[in-house]
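In what follows, a structure is listed as structure tokens, so that the remarks can point back to it.
Along the sequence shown, residues are numbered consecutively beginning with 1. Small disclaimer: the values here were computed from a predicted structure and weren't measured.
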Amino acid sequence: MSNSAPIMSEIITAVYSNGMLRPQNPLSLTDGQIVRLQVLTEESSKDTEKIIQSLVAAGLVTPPQHRSDIEPVSEEAWRELTQRLEASGGKPLSEMIIEERVTSPDATGNRCAKSGGGRHCQ
């Protein structure tokens with residue numbers, strides 16, 4: 001992975017023509033950067049969208065917020081997370097998150113601990 005290229009994941013629309021996929025909008029990639037593709041035809045994409053809309057209408061899922069205001073994860077943070085996961089010895093990610101929440105400061109900078117069924121911060 002190049003240090004200069006941000007880690008990103010996005011869904012784009014492209015047109016296949018003369019053996020090449022041509023994105024319909026500019027991409028924030030560096031020249032020669034390697035990417036992984038999953039090709040969905042417009043028909044399968046429409047079916048997926050219908051399923052998602054049905055789940056949203058039934059109240060089973062919440063549609064994602066617009067992600068333009070979310071900063072991509074830095075390569076350094078990605079490496080740190082990968083190292084933590086590898087060092088966890090197979091501990092479930094959910095347990096790691098709970099432990100982090102218990103020992104990390106809350107929004108006011110206070111340390112929190114489990115107490116009863118909730119968190120107690122000092």
Side-chain angles (χ1 to χ4, degrees):
M1 234 182 249
S2 168
N3 287 339
S4 62
I7 296 172
M8 66 175 230
S9 177
E10 68 180 297
I11 297 173
I12 65 163
T13 302
V15 175
Y16 182 75
S17 175
N18 296 321
M20 295 185 71
L21 286 171
R22 300 184 192 280
Q24 292 187 316
N25 296 309
L27 301 175
S28 55
L29 299 171
T30 59
D31 190 40
Q33 185 174 348
I34 297 173
V35 299
R36 295 176 70 188
L37 301 174
Q38 178 179 6
V39 178
L40 301 171
T41 63
E42 194 63 30
E43 293 77 25
S44 64
S45 181
K46 287 179 184 175
D47 290 343
T48 301
E49 187 62 31
K50 285 180 188 176
I51 292 168
I52 292 170
Q53 288 174 357
S54 298
L55 293 170
V56 168
L60 298 173
V61 296
T62 303
Q65 300 296 319
H66 294 289
R67 301 178 75 86
S68 61
D69 61 336
I70 298 174
E71 292 289 323
V73 175
S74 70
E75 190 165 329
E76 179 182 337
W78 186 262
R79 268 195 232 106
E80 180 185 330
L81 178 59
T82 302
Q83 289 171 352
R84 287 180 58 201
L85 289 172
E86 289 172 348
S88 72
K91 182 185 293 186
L93 181 58
S94 57
E95 286 183 26
M96 293 174 65
I97 292 169
I98 291 168
E99 287 174 1
E100 185 175 288
R101 287 180 180 167
V102 168
T103 60
S104 63
D106 67 3
T108 63
N110 295 324
R111 292 263 172 213
C112 302
K114 288 183 186 178
S115 174
R119 290 174 55 140
H120 177 70
C121 301
Q122 296 181 1

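Shown here for Ala77 and Ser74, the closest heavy-atom pair between the two residues is N-OG, 3.0 Å. The two residues Leu21 and Leu37 have their closest heavy-atom pair at CD1-CD1, 4.0 Å.
Using a 4.5 Å heavy-atom cutoff, the side chains of Thr13 and Asn25 are not in contact. Side-chain contact between Val56 and Thr62: absent, with no pair of heavy atoms (C-beta onward) separated by less than 4.5 Å.
To the nearest 0.5 Å, atom OG1 of residue Thr82 and atom CD of residue Glu75 are 10.0 Å apart. A distance of 12.5 Å separates CD in Glu76 from CG in Leu81, rounded to the nearest 0.5 Å.
Two different hydrophobic clusters hold Tyr16 and Val39 under the rule that ILVMFWY side chains link at heavy-atom gaps under 4.5 Å. In terms of hydrophobic clustering, with Ile, Leu, Val, Met, Phe, Trp and Tyr side chains grouped at heavy-atom distances under 4.5 Å, Leu93 and Trp78 are assigned to different clusters. The hydrophobic cluster containing Ile12 does not contain Val15, counting ILVMFWY residues as joined when their side-chain heavy atoms lie under 4.5 angstrom apart, directly or transitively.
Heavy atoms of other residues, nucleotides or ligands lying less than 6.0 angstrom from CG of Leu60 number more than 12. The environment of CD in Gln24 is crowded: more than 12 heavy-atom neighbours from other residues, nucleotides or ligands sit within 6.0 Å.
Between the Gln33 side chain and the Thr30 main chain, a donor and an acceptor come within less than 3.5 Å of each other.
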Practice item. Show the numbers, then the answer: is there a side chain to side chain contact (heavy atoms under 4.5 Å, CB included) between Leu27 and Val35? Key: CA-CA 11 Å; Leu27 301 175; Val35 299; over 6 Å; no
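Ile11 belongs to no multi-residue hydrophobic cluster, having no ILVMFWY side-chain contact under 4.5 Å with any other such residue.
Residue pairs satisfying the side-chain hydrogen bond (donor to acceptor under 3.5 Å, both in side chains) criterion with at least one member in residues 84-93, sequence neighbours excluded, are listed as follows: Arg84-Glu100, Lys91-Glu99.
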